[in-house]
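Read through the structure below, which is laid out as structure tokens, and then see the notes.
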Amino acid sequence: MRVVLAEDLFLLREGLTQLLRAHGFEVVAAVESGPELAAALAEHRPDVAIVDVRLPPTFTDEGLRAALAARRAAPGLPVLVLSQHVEQLYARELLADGSGGVGYLLKDRVLNADQFLDAVHRVAAGGTAMDPDVIAKLLSTGPADGPVDQLTPREREVLGLMAEGRSNAAIAQRLFMSEGAVGKHTAGIFGKLGLAPSDDDNRRVLAVLAYLNTART
């Protein structure tokens with residue numbers, strides 16, 4: 001799997017490069033700035049981009065902007081964003097097109113190689129990988145008025161794990177229920193959020209986006 005990596009901290013960039021290569025990834029470019037990232041994504045068209053939100057020259061959101069521009073040019077390009085802090089706006093922007101293949105991981109999570117590599121694989125496969133701390137923050141701030149209010153407490157638990165990018169099997173294991181029960185809860189979530197079956201949209205991503213949009217800022 002071909003990877004473009006953007007991280008301005010030399011030691012972290014080198015460490016992630018070595019980790020990815022040790023697990024069979026081909027790092028076709030490892031860059032340190034927003035302009036370099038934009039050029040690398042255009043040149044290499046990777047299978048997945050792993051991008052620090054804040055990159056030189058301004059250290060604001062160059063990484064996110066370059067990745068979103070690349071997704072507009074190549075719809076569906078998988079992007080895993082790394083961030084020092086929880087930023088709900090960034091999470092919403094990543095999910096906004098409803099097509100999946102996006103992730104938002106706090107940098108502390110990178111220290112756990114298994115969690116990091118699992119997130120890379122899920123995003124590359126077209127799923128989502130939202131950091132549990134992002135979900136925890138949303139739960140702590142509580143929802144505003146909206147269709148998510150119609151969900152039962154159990155459905156909200158399922159949706160929270162869905163937002164992390166967990167499969168029905170993983171959700172069933174975490175919540176000690178059957179996959180069939182998870183499927184029923186998932187169908188209930190889609191119904192209450194008005195997400196009809198579609199060949200063009202990823203309903204799990206759209207449900208997560210609806211969930212994020214209910215959070216107070």
Measure from the side-chain N and O atoms of Asp8 to the backbone N and O of Pro56, and report whether any donor-acceptor pair falls under 3.5 Å.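 No.
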
Hey, is the main chain of His44 close enough, under 3.5 Å, to the side chain of Arg2 for a donor-acceptor pair?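 Side chain of Arg2 to backbone of His44: a pair is present.
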
State plainly whether the residues [X] and [Y] are in salt-bridge range, i.e. N to O under 4.0 Å.
{"X": "Asp131", "Y": "Arg109", "answer": "yes"}
{"X": "Glu7", "Y": "Lys107", "answer": "yes"}
{"X": "Arg166", "Y": "Asp118", "answer": "yes"}
{"X": "Glu155", "Y": "Lys192", "answer": "yes"}

Side-chain touch [X]/[Y], heavy atoms, less than 4.5 angstrom:
{"X": "Leu20", "Y": "Leu117", "result": "yes"}
{"X": "Val120", "Y": "Ile50", "result": "yes"}
{"X": "Leu64", "Y": "Val79", "result": "no"}
{"X": "Leu16", "Y": "Val110", "result": "yes"}
{"X": "Val102", "Y": "Arg71", "result": "yes"}
{"X": "Leu159", "Y": "Leu151", "result": "yes"}
{"X": "Val48", "Y": "Met1", "result": "yes"}
{"X": "Phe25", "Y": "Asp47", "result": "no"}

Considering non-hydrogen atoms only, spot the tightest contact between [X] and [Y] and give its length.
{"X": "Ala70", "Y": "Leu41", "value": "CB-CD1, 3.6 Å"}
{"X": "Glu157", "Y": "Arg154", "value": "OE1-NH1, 2.9 Å"}
{"X": "Pro46", "Y": "Leu77", "value": "O-CD1, 3.4 Å"}
{"X": "Val51", "Y": "Ala67", "value": "CG2-CB, 4.3 Å"}
{"X": "Arg122", "Y": "Thr128", "value": "NH1-O, 3.3 Å"}
{"X": "Val31", "Y": "Glu36", "value": "CB-CB, 3.7 Å"}

Evaluate the side chain to side chain contact (heavy atoms under 4.5 Å, CB included) criterion for residues Met162 and Val182: first the C-alpha distance (whole Å), next the side-chain angles of each, then the deciding distance (0.1 Å), finally the verdict. CA-CA 10 Å; Met162 194 186 300; Val182 174; over 6 Å; no

Reported [atom1]-to-[atom2] distance for the pair [X] and [Y], which is rounded to 0.5 angstrom:
{"X": "Ser83", "Y": "Asp108", "atom1": "OG", "atom2": "CG", "value": "10.5 Å"}
{"X": "Ile171", "Y": "Thr186", "atom1": "CD1", "atom2": "OG1", "value": "6.0 Å"}
{"X": "Met130", "Y": "Leu106", "atom1": "CE", "atom2": "CG", "value": "9.5 Å"}

Tell me whether [Y] is reachable from [X] by hopping between hydrophobic residues (I, L, V, M, F, W, Y) whose side-chain heavy atoms are closer than 4.5 Å.
{"X": "Val27", "Y": "Leu9", "result": "yes"}
{"X": "Phe190", "Y": "Met177", "result": "yes"}
{"X": "Leu37", "Y": "Val3", "result": "no"}
{"X": "Leu161", "Y": "Val123", "result": "no"}
{"X": "Leu5", "Y": "Leu68", "result": "no"}

For the residue pair Glu14 / Thr17, report whether a side-chain donor-acceptor contact shorter than 3.5 Å exists.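 Short answer, no.
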
Evaluation steps, side chain to side chain contact (heavy atoms under 4.5 Å, CB included), between Leu80 and Leu105: CA-CA 7 Å; Leu80 174 62; Leu105 209 60; 4.1 Å; yes

For the residue pair Phe116 and His121, is the inter-centroid distance of their aromatic rings smaller than 6.0 Å?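 Ring-ring flag for Phe116/His121: false, centres at least 6.0 Å apart.
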
Report the C-alpha separation of Leu82 and Val53 in whole Å, then their side-chain angles, then the decisive distance to 0.1 Å, and conclude whether the side chain to side chain contact (heavy atoms under 4.5 Å, CB included) test is met. CA-CA 6 Å; Leu82 306 180; Val53 168; over 6 Å; no

